Structures are given as structure tokens and as C-alpha cells.
Colleague: 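One structure coming up, written as C-alpha cells, with questions to follow.
These figures come from a predicted structure and were not determined experimentally.
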Amino acid sequence: MSNKNYAVVKIFGRQYKVSEGEKIKANFIDAEVGTTMPFSEVLMINKGGQLKIGEPQINGAKVTATVVSHGREDKILVFKYLRKNKSKKMHGHRQDFTTLSITSIEG
């Protein structure tokens, strides 16, 4: 079993395994760069091999993160082609994201 401290936290509908000092790319969060954000939906915490599992969340636990930057992913092309109808469509999509730096895990 690993002795590394980590937590599983739910951030706007997605679950991330995070540890202190780590940077993650999450869905776009409308916040200024440098803003500190607490996330209270902590599903699991591992501190020094001691595992706490929430049902579904751990009461009183919190993960604090700082907004580092905003950006956009590479373009994904979606191409539809219907051969008997002589029709084709091409669409592009770029997903917005926010980079978060995990500052502390409490709980």
C-alpha cells in the first residue's frame, strides 16, 4: 500500500485523484487567475496509509485549490459523410479548461 497522501474529489461533475502540490486540468471554471477555491465534495482520502471512504462524501473534508491558468484544448474534427446522399459535414471543437494547483487536503 502506498504511503502517499491523496484524495479523490468531485469538481463540477468529474472525479479527480489529487495530491498536494499537483496541477490538474479540470473543466472550465469561471474564476480569476489566483483565486483560491475550496471543494467540499471529497469522496476518499488516503493519509499515510489510513484510508477514509465517504458514503458518498466525507463530512468536514475539504480540498483547496488555486486557479493557475485558463486555456483551450487542441481542435477535434468531426466529419460526417453520407455516400448515397452526396452530403458531407465537417465541424471542429475546442474544449475550454482550467488548470488548478492543489494547495491543501483537509479531513
Side-chain angles (χ1 to χ4, degrees):
M1 190 179 267
S2 173
N3 287 338
K4 186 176 180 185
N5 297 340
Y6 66 88
V8 175
V9 63
K10 193 172 184 181
I11 301 174
F12 295 109
R14 289 195 171 178
Q15 295 177 13
Y16 298 93
K17 180 182 172 186
V18 298
S19 57
E20 289 185 16
E22 184 181 27
K23 290 185 181 179
I24 60 167
K25 282 197 323 192
N27 283 347
F28 180 75
I29 301 169
D30 192 15
E32 294 289 323
V33 174
T35 305
T36 302
M37 303 184 74
F39 298 104
S40 59
E41 287 189 79
V42 180
L43 307 175
M44 185 179 84
I45 294 179
N46 182 9
K47 283 203 172 187
Q50 298 214 336
L51 198 63
K52 282 188 194 174
I53 298 174
E55 297 174 358
Q57 302 173 44
I58 300 173
N59 293 331
K62 163 172 93 163
V63 172
T64 308
T66 305
V67 177
V68 176
S69 66
H70 299 290
R72 298 184 83 189
E73 295 282 355
D74 293 336
K75 183 176 272 193
I76 297 171
L77 295 177
V78 180
F79 183 72
K80 281 188 180 179
Y81 176 69
L82 301 173
R83 64 187 177 117
K84 293 183 180 176
N85 296 345
K86 296 182 183 172
S87 124
K88 52 186 172 181
K89 289 183 189 175
M90 183 178 295
H91 295 284
H93 175 73
R94 291 184 71 187
Q95 183 69 37
D96 294 327
F97 68 88
T98 300
T99 305
L100 298 172
S101 176
I102 307 302
T103 54
S104 69
I105 298 172
E106 300 171 14

Colleague: Okay, side chain of S40, backbone of K62: is any donor-acceptor separation there less than 3.5 Å?
Modeller: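 Such a contact is absent between S40 side chain and K62 backbone.
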
Colleague: Please tell me if the side chains of L100 and T66 come closer than 4.5 Å, counting only heavy atoms from C-beta onward.
Modeller: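 Of all side-chain heavy-atom pairs linking T66 with L100, none is under 4.5 Å.
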
Colleague: With sequence neighbours excluded, what pairs up with F12 under the ring pair (Phe, Tyr, Trp, His ring centres under 6.0 Å) test?
Modeller: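 Once residues adjacent in sequence are excluded, F12 has no partner under the ring pair (Phe, Tyr, Trp, His ring centres under 6.0 Å) criterion.
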
Colleague: Under the rule for salt bridge (Lys or Arg N to Asp or Glu O under 4.0 Å), what residues qualify as partners of R83, not counting sequence neighbours?
Modeller: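 Salt bridge (Lys or Arg N to Asp or Glu O under 4.0 Å) list for R83, sorted by chain: empty.
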
Colleague: Counting only N and O atoms by type, is there a donor-acceptor contact under 3.5 Å from the side chain of N5 to the main-chain atoms of G48?
Modeller: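 Yes: the side chain of N5 pairs with the backbone of G48.
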
Colleague: Any side-chain to backbone donor/acceptor pair from T103 onto T64? Under 3.5 Å, distance only.
Modeller: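 Looks like yes, one N/O pair under 3.5 Å.
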
Colleague: Atom CD1 in I29, atom CG in D96: separation rounded to 0.5 Å?
Modeller: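 Reported value, rounded in 0.5 Å steps: 12.0 Å.
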
Colleague: Between CD of E20 and OG of S104, what distance do you get to the nearest 0.5 Å?
Modeller: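 E20 CD to S104 OG: 6.0 Å, rounded to 0.5 Å.
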
Colleague: Can you name the closest pair of heavy atoms from I58 and K52 and give their distance?
Modeller: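 Scanning both residues completely, I find the closest heavy atoms to be CD1-O, 3.5 Å.
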
Colleague: Quick one: does NZ or CZ of K17 land under 6.0 Å from the six-membered ring centre of Y6, within 45 degrees of the ring axis?
Modeller: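 Yes, K17 and Y6 form such a contact.
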
Colleague: Should L82 and K88 count as side-chain neighbours, where that means a heavy-atom distance under 4.5 Å?
Modeller: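 Counting from C-beta outward, L82 and K88 never come under 4.5 Å.
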
Colleague: Do V78 and Y81 share a hydrophobic cluster (ILVMFWY, side-chain heavy atoms under 4.5 Å, transitive)?
Modeller: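 In one cluster with V78: Y81, no.
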
Colleague: Step by step, work out the side chain to side chain contact (heavy atoms under 4.5 Å, CB included) result for T99 and I24.
Modeller: CA-CA 6 Å; T99 305; I24 60 167; over 6 Å; no

Colleague: Same cluster for V9 and M37 if Ile/Leu/Val/Met/Phe/Trp/Tyr side chains link at under 4.5 Å?
Modeller: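 Yes, same cluster.
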
Colleague: Closer than 3.5 angstrom, by distance alone: can the side chain of Q50 be matched with the main-chain N or O of K47 as a donor-acceptor pair?
Modeller: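 Here the side-chain-to-backbone pair does not exist.
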
Colleague: Determine whether the aromatic ring centres of residues H70 and F28 are separated by less than 6.0 angstrom.
Modeller: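 Yes, close enough.
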
Colleague: Any chance you could measure F79, atom CZ, to H91, atom NE2, to the nearest 0.5 Å?
Modeller: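 Atom-to-atom, F79:CZ and H91:NE2 are 10.5 Å apart.
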
Colleague: Is atom CG of N85 surrounded by more than 12 heavy atoms (other residues, nucleotides or ligands) closer than 6.0 Å?
Modeller: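 Yes - once you tally the heavy atoms of other residues, nucleotides and ligands closer than 6.0 Å, there are more than 12.
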
Colleague: What is the distance from atom OH of Y16 to atom CD of E22, rounded to the nearest 0.5 Å?
Modeller: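 Nearest 0.5 Å value for the OH-CD distance: 12.0 Å.
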
Colleague: Tell me the closest heavy-atom pair linking R94 and K75, and the distance in Å.
Modeller: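 Looking at all heavy atoms of both residues, the closest pair is CG-CA, 3.7 Å.
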
Colleague: About how many Å separate OG of S19 and CD1 of I102, when rounded to the nearest 0.5 Å?
Modeller: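 One finds 8.0 Å between CD1 of I102 and OG of S19.
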
Colleague: Please report the closest heavy-atom contact between F39 and A65, naming both atoms and the distance.
Modeller: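 Here F39 and A65 meet closest at CE1-CB, 3.9 Å.
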
Colleague: Output all residues satisfying salt bridge (Lys or Arg N to Asp or Glu O under 4.0 Å) with E73, sequence neighbours left out; order by chain, then residue number.
Modeller: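 Here the qualifying residues are K25.
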
Colleague: Can you check whether T98 reaches V67 side chain to side chain, under 4.5 Å on heavy atoms?
Modeller: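 Side-chain contact under 4.5 Å: yes.
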
Colleague: For the hydrophobic clusters of this structure (ILVMFWY residues joined by side-chain heavy atoms under 4.5 Å, transitively), does one cluster hold both L51 and V8?
Modeller: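 As far as the 4.5 Å side-chain criterion goes, V8 and L51 are connected within one cluster.
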
Colleague: Provide the closest heavy-atom pair for I45 versus A61 in the form atom of the first, atom of the second, distance.
Modeller: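 For I45 and A61, the tightest heavy-atom pair comes out as CD1-CB, 3.9 Å.
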
Colleague: Do the side chain of K10 and the main chain of L43 share a donor and acceptor less than 3.5 angstrom apart?
Modeller: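 Checked: no pair found.
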
